[in-house]
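The shown structure was predicted, so the numbers you read here are calculated from the model rather than taken from an experiment. In what follows, chains are A, B, ... by sequence order, proteins preceding strands, each numbered from 1.
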Amino acid sequence: MVKCLESQGISVVFGYPGATIAPFYDALTQSEIRHILTRGEQAAGHAASGYARITGKPAVCVVTSGPGSTNLFTALATAYADSIPLVAITGQVTSELLGHDVFQEVDTTGAVEPFTKYTYLVKDAAEIPRVFQEAFHIASTGRKGPVLIDMPVDIQKQVIEFKNPGEVNIRGYKPRVKGHPMQLKRVAQAISEAKRPLLCVGGGVFSANAEKYVRELVELCNLPLVSTMMGIGVLPSRHPLFYGMIGQSGVPLANRAIEESDLLILIGARVADRAIASPRRLEGATSIVHIDIDASEIGKNVGTTIPLVGDAAAVTQQLIECAPQGEWEKWLTWLDTQRAAAPSYPETPGYVEPRRFIRYLSLQMEENAVYVADVGENQIWSARAHLVRSGRFLTTGGMGTMGYSVPAAIGAKLADPSRQVIAVCGDGSFQMQLTELATANQHGVAVKIVVMRNGSLGMVREIQDHSYGGRQIAVALDGSPDFGGIAAAYGIPFWRVGSMEEAPEAIAGFLNHPGSALLECIVSPKEESI
Amino acid sequence: MKKIISVLVENKAGVLARIAGLFGRRGFNIASLTVGETEDSEVSRMTIVATGDDREIEQVEKQLNKQIDIIKVKTLETELSTRRELMLVKVNANAQARGEIIDIANIMKAKIVDISPSTLTLELSDRPERLDLLISMLDSYGIAEMARTGMVALGKGAGAIAL
């Protein structure tokens, strides 16, 4: 198993050991592969996700059977929703005892089937080289996603000769990469005939490493672009052809642009409910080109005028070759006249206005920094206020898993230690994974963590205020610790920012500190996400 | 609308559970699902009868195609396919009713495969709607129990779904 990982070029694995995965860990002692011990299995999965999103290759997490495996499920579901390539290895009880409900046994492959791309339960050690090779292939091709290999402990103990399994050949799995030439022609034609074309990009563009091609296409054809939350950063936030994030937490101009367009070209965006609330209404109003590597996404949520199955990088390059040109100067001019100055939000004395803080922070960060946004009000503030220059914006747009940011930031930093990595979370999400500060310490991973502290589960509080008559329940985070004390306990420096006046100095100290650091930003409990 | 979807799958453990799970969680409606080996022992054929409008059936096909263990998916046109289903039906048959039931069986080309003082068991392999007809003819005598296999189908003519 270790040899298989080495042959895939794996140098880091994230995990948490236990009895049924002990033989694998024993073999790891003979390998150069670095093991990052997280403080919980879910964090191992999220850290692998952060790692994979920066390297663009599948990352590995390893856990034991039973509770080890169930603790990992949330991270697998998160990676599945966001199409992040992972290979998860789970220990399993002795194969002879499978199905006997023995100690730490759970039907892992049965349980994760709905939210993994594929699973293996290995019952013959001779299969290991092939299974591992297929797992990496499946995770990293087509629509990427997590693949799980369940390994009974007795199978791990067997000694086999490692043989390179040769080329992968799975007859039921041949993902299409290039776009169909006929469909491509139709798309190019539709673009040149359009009066108000609009590109809408999602996370699929990052999955395919297609950012530079999308940018080239946009600039070559002068096409305006909006993005979903997962597509933030495909174009730099201040690119003249970028008109913002769509969706219920998006900017009005981006949503308006979708409504006004006569040709909407979706690339690697699945038209989920948070992005486009009423896709059926859109169908009649505009022509829709849907480009996706996953044929089942096309036509699932929104009817399509021209479907085009293919990899975002390949298809965008094919479109660049066609170089469609058309007449939409007026449309661009109109869009530009609609650009509003970022709305200003009133400052509450004694508190930090979160959007202003994030905007300021993002301009102080290194240009290519990785910004990991958590989930909650803080995610919406981040998505709307953070300015991507040449960096990345990582968040879990699909699953919305609280606690993602800190472990994902650890993974991202390990993937590229040369880049600044900053996690921004709320006091709710921070407390879900703050134990990972120990992981960062133990392995010398420098992550910067900003906690937007409003003393409540703000997003849920908004739901209760707006949809449940303001009857607040279970949203107060009373009893939370002093985060300065937490930082001290973990031996990392701490800054508390209670007003914008204090921000510049604190942010400078926080960002310039060479190791991990914690910054607490005091936000009014009345602050809304939008 | 009912559609027949013929699916060639890898003949290995867990495949049926994956397909059944897929239908369940996506809310697709299955009227019947049969599975059995093909001429290639590594390949099984599932015949799924699903109900839904064109858009739903298209989504079913796409979701099936996305499964790694599924090799080929084809929707068969009812008129262009040979369709069969096997049924065993045990019907209450006392001495007075027995003659009438035998008549019905003969007309429907059903075989009588078992007899007891109070019942007859009939076997019929035919198109599903013919099975429905037989059931309706036997209903008034009282059906003690029955088992249907679900439909299998192959496209008519020389064409075949290539692997």
Side-chain angles (χ1 to χ4, degrees), chain A residues 77 80 83 95 98-99 107-124 127 130-131 134-135 137-139 141-148 150 168-176 270 279-280 283 290 292-304 307 309, chain B residues 1 3 5-30 33 35 37-46 48 50 52-75 160-163:
Chain A
Y80 187 68
S83 307
S95 48
L98 276 170
D107 174 9
T108 297
T109 52
V112 304
E113 202 275 324
F115 46 84
T116 47
K117 189 169 172 190
Y118 198 60
T119 57
Y120 294 90
L121 171 58
V122 181
K123 288 183 172 169
D124 175 3
E127 294 273 277
R130 181 188 60 83
V131 165
E134 283 185 8
H137 175 72
I138 292 170
T141 53
R143 179 173 179 179
K144 296 174 182 179
V147 175
L148 182 136
D150 203 21
V168 175
N169 184 17
I170 308 167
R171 54 184 161 180
Y173 180 70
K174 305 267 190 284
R176 186 178 184 99
R270 60 199 172 90
R280 294 289 162 106
E283 286 168 19
H290 200 163
D292 207 292
I293 187 101
D294 180 355
S296 72
E297 285 301 347
I298 299 175
K300 185 173 87 180
N301 297 330
V302 67
T304 304
V309 179
Chain B
M1 203 168 26
K3 289 274 180 171
I5 308 172
S6 192
V7 188
L8 294 174
V9 304
E10 297 286 351
N11 181 13
K12 57 186 184 192
V15 177
L16 182 60
R18 281 180 208 275
I19 309 304
L22 170 70
F23 273 77
R25 69 176 171 271
R26 299 244 175 223
F28 301 147
N29 294 312
I30 316 183
L33 186 156
V35 58
E37 276 191 16
T38 64
E39 70 282 5
D40 178 346
S41 64
E42 289 182 3
V43 177
S44 297
R45 182 188 294 266
M46 286 186 186
I48 301 170
D53 59 24
D54 285 348
R55 196 167 172 152
E56 285 162 342
I57 297 295
E58 183 189 314
Q59 189 53 215
V60 170
E61 277 184 46
K62 283 177 168 176
Q63 291 294 343
L64 287 170
N65 263 316
K66 192 169 151 178
Q67 292 281 326
I68 312 258
D69 288 328
I70 290 185
I71 305 161
K72 276 281 156 69
V73 178
K74 192 164 194 289
T75 300
I161 304 174
L163 283 180

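In this structure, the portion of Gln59(B) lying under 4.5 Å from any heavy atom of chain A is its side chain and not its backbone. Within the 4.5 angstrom heavy-atom criterion, atoms from both the backbone and the side chain of Thr119(A) approach chain B. For Arg25(B), the part lying under 4.5 angstrom from a heavy atom of chain A is the side chain only. Looking at Ile138(A), only its side chain comes within 4.5 Å of chain B, counting heavy atoms on both sides. Of the atoms belonging to Ile70(B), it is backbone heavy atoms, and not side-chain ones, that fall under 4.5 Å from chain A. Neither the backbone nor the side chain of Glu56(B) comes within contact range of chain A; no heavy atoms are under 4.5 Å apart.
Contact check on Lys12(B) versus Glu127(A) returns no salt bridge, with no Lys/Arg side-chain nitrogen under 4.0 Å from an Asp/Glu carboxylate oxygen.
Distance check: Arg171(A) CZ to Ile68(B) CD1 gives 14.0 Å after rounding to the nearest 0.5 Å. Note that CD1 of Ile298(A) is 9.5 Å distant from CD of Glu58(B), once rounded to the nearest 0.5 Å.
Among Gln63(B), Arg26(B), Glu61(B), the one residue that satisfies the side chain to side chain contact (heavy atoms under 4.5 Å, CB included) test with Ser296(A) is Gln63(B).
Side-chain contact between Lys62(B) and Val309(A) is absent, with no heavy-atom pair separated by less than 4.5 Å.
For the salt bridge (charged side-chain N to carboxylate O under 4.0 Å, His left out) test, residues two or more places apart in sequence or in another chain that qualify with Arg143(A) are Asp294(A), Glu297(A).
Annotation: residues 110-117 of chain A contacts chain B through Glu113(A), Pro114(A), Lys117(A) [non-hydrogen atoms, separation under 4.5 Å].
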